[in-house]
Peer 1: 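The structure that follows is given in the form of structure tokens.
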Amino acid sequence: MQLEIQNVSKRYAKNSFGLKKFSLNIENGILGLLGPNGAGKSTLLKMIATVHKPTEGMITLNKNNILKDPNYMRKQLGFLPQDFGVYPNLNAIEFLEYMAAMKGIGGAHLKPRIIQLLEGLNLIDVAKKPIGSYSGGMKQRVGIAQTLLNNPKIAIFDEPTVGLDPEERVRFRNLISDLANDCIVILSSHIVSDIDTIADQVAIMKNGSLITHGNQEHIINNVTNHVYETPVKKENLSAFKAKHIVVSTTRKDGQWMVRYITKHPIENATKRQANLEDAYLYLTKTN
Ligand SMILES: Nc1ncnc2c1ncn2[C@@H]1O[C@H](COP(=O)(O)OP(=O)(O)O)[C@@H](O)[C@H]1O
Ligand SMILES: [Mg+2]
């Protein structure tokens, strides 16, 4: 699979852009799409999913122009929108049958597929209860099941881990890594730890533009040798934060241990191994 996004912009109002001249090539594997709220992640994903049309630019899947031929995308797509809604009066099986009908999926394989997904997502015990009685995490898992109904070759999850507890996050991660062999999986998040253990490639965006794209090592290289930790007294903390890019502050022995990014470390700072969180913070703060 090959998804090419070329110079895509989305204008919502006269001077309000959700996306600006955005270009990115995506190949098989898991892409983690990171960016702060308002970066344009949902705007981009909705255009890939053919829910919205770009104001300008081109999107192709395996060289097919999906703006002209959206069905080429839709046939192979699974999409979990950020604001996914469920029907509270249906149970999980009824809801998935309904979604299958909307997607034109039917036949003898459907019911076993639904049961398989409900088992994989640990929903089988509640499958006959109305979705309105589910917790947020359970509803989210119904949304994930819906995305996978048609064994998609391109699966897009917009902020999928919102509302999931830590155990559910692990289960979701396992499910995704099984999926990604010969297809494109895109996971968006504003939280690095949601994607860093599973993403083959990472794209970081802000203000409707791409900041960087590549494997994790390539992105971490931006801050290699520039991550330090140093103790800071409580009364100096806010001045320190104003001057430096601070990744985290943790309490230790009555003072603060600050992890920060700098090219000119102060004397008692200790160098630390850089990680994706450091790089994400650095890149989104300095771009
Ligand atoms: N339907 C809309 N109408 C007007 N502006 C929008 C609409 N959807 C998104 N935007 C704006 O586009 C920008 C990108 O939003 P969005 O794609 O939702 O970002 P993200 O998903 O990264 O949080 C934001 O400034 C947002 O306010
Ligand atoms: Mg969003």
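Each ligand, and each atom within it, is numbered from 1 in the order the structure gives. Values below: every heavy atom of this structure, side chains too, minus hydrogens, waters and symmetry copies. Residues take their numbers from the sequence shown, with the count starting at 1.
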Peer 1: Are Phe157 and Phe79 near enough that their ring centres are under 6.0 Å apart?
Peer 2: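 No, the ring centres sit 6.0 Å or more apart.
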Peer 1: Give me the nearest non-hydrogen protein atom to atom 13 (C) of ligand 1 as residue plus atom name, then the distance to 0.1 Å.
Peer 2: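 Scanning the protein heavy atoms, the shortest distance from atom 13 (C) of ligand 1 goes to Gly38 O, 3.7 Å.
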Peer 1: For Gly18, take its heavy atoms, then give the atoms of ligand 1 lying under 4.0 Å from any of them.
Peer 2: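 Taking each heavy atom of Gly18 in turn, ligand 1 has 12 (O), 13 (C) under 4.0 Å.
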Peer 1: For atom 10 (N) of ligand 1, find the nearest protein heavy atom and state the residue, atom name and distance (0.1 Å precision).
Peer 2: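 Protein heavy atom at minimum distance: Tyr12 CE1, 3.2 Å.
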Peer 1: With atoms numbered from 1 as shown, which atoms in ligand 1 lie under 4.0 angstrom from a non-hydrogen atom of Ser42?
Peer 2: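 Close to Ser42: 17 (O), 18 (O), 20 (P), 21 (O).
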Peer 1: Counting each atom of ligand 1 from 1 as listed, which ones have a heavy atom of Ala39 under 4.0 Å away?
Peer 2: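 By the 4.0 Å cutoff, the relevant atoms are 19 (O), 20 (P), 22 (O).
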Peer 1: Same cluster or not: Met47 versus Met1, using hydrophobic residues (I, L, V, M, F, W, Y) connected whenever any side-chain heavy atoms lie under 4.5 Å apart?
Peer 2: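 Same cluster.
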Peer 1: Could you tell me whether Glu167 atom CD has more than 12 heavy atoms of other residues or ligands within 6.0 Å of it?
Peer 2: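 Open.
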Peer 1: Take the Mg ion (ligand 2) and tell me which protein N, O or S atoms are nearer than 2.8 Å.
Peer 2: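 Listed by chain and number, the nearby protein N, O or S atoms are Ser42 OG, Gln82 OE1.
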Peer 1: Can you confirm whether Tyr12 is buried at OH, in the sense that more than 12 heavy atoms of other residues, nucleotides or ligands lie under 6.0 Å from that atom?
Peer 2: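 Result for OH/Tyr12: enclosed.
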Peer 1: In a check of side-chain contact (heavy atoms from CB on, under 4.5 Å) between Ile156 and each of Val185, Leu80, Leu33, Ile48, which one passes?
Peer 2: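 Going through Val185, Leu80, Leu33, Ile48 one by one, the side-chain contact (heavy atoms from CB on, under 4.5 Å) with Ile156 is satisfied by Ile48 alone.
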Peer 1: So, for atom 26 (C) of ligand 1, does the protein have a heavy atom nearer than 4.0 Å?
Peer 2: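 Protein heavy atoms within 4.0 Å of atom 26 (C) of ligand 1 - there are none.
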Peer 1: Near Asn37, which atoms of ligand 1 are under 4.0 Å from a heavy atom of that residue?
Peer 2: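 Per the distance check, 23 (O).
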Peer 1: Please name all residues satisfying ring pair (Phe, Tyr, Trp, His ring centres under 6.0 Å) with Phe17, sequence neighbours left out, ordered by chain then number.
Peer 2: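 Testing Phe17 for ring pair (Phe, Tyr, Trp, His ring centres under 6.0 Å), a comparison that skips the adjacent residues, returns none.
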Peer 1: Under 4.0 Å between a side-chain nitrogen and a carboxylate oxygen: does that hold for Arg173 and Asp194?
Peer 2: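 Result for this pair is no, no salt bridge flagged.
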Peer 1: Could you tell me, atom by atom, which parts of ligand 1 come under 4.0 Å of a heavy atom of Thr43?
Peer 2: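 Once the distances to Thr43 are compared, the set is 14 (C), 15 (O), 16 (P), 17 (O).
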Peer 1: Determine yes or no for a side-chain-to-main-chain donor-acceptor pair under 3.5 angstrom, with Arg11 supplying the side chain and Thr55 the backbone.
Peer 2: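 Absent.
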Peer 1: Ignoring hydrogens, tell whether any protein atom lies closer than 4.0 Å to atom 5 (N) of ligand 1; use the non-hydrogen atoms only.
Peer 2: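 At least one protein heavy atom is under 4.0 Å away.
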Peer 1: May I ask which of Ser188, Pro36, Gly40 has a heavy atom nearer to atom 19 (O) of ligand 1 than the others do?
Peer 2: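 Among Ser188, Pro36, Gly40, the closest heavy atom to atom 19 (O) of ligand 1 comes from Gly40.
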Peer 1: For a side chain to side chain contact (heavy atoms under 4.5 Å, CB included) check, start with the C-alpha distance between Ile186 and Leu45, then their side-chain angles and the critical distance, and finish with the verdict.
Peer 2: CA-CA 9 Å; Ile186 307 176; Leu45 298 180; 3.8 Å; yes
Peer 1: For Val246, what are the other residues in its hydrophobic cluster, where any two members join if their side-chain heavy atoms are less than 4.5 angstrom apart?
Peer 2: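 Under the 4.5 Å side-chain rule, Val246 groups with Tyr228, Val232, Leu237, Phe240, Trp256, Val258, Tyr260, Ile266.
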Peer 1: For Ala279, which residues count as a side-chain contact (heavy atoms from CB on, under 4.5 Å) partner, sequence neighbours excluded?
Peer 2: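 By the side-chain contact (heavy atoms from CB on, under 4.5 Å) rule, Ala279 matches Ile219, Val223.
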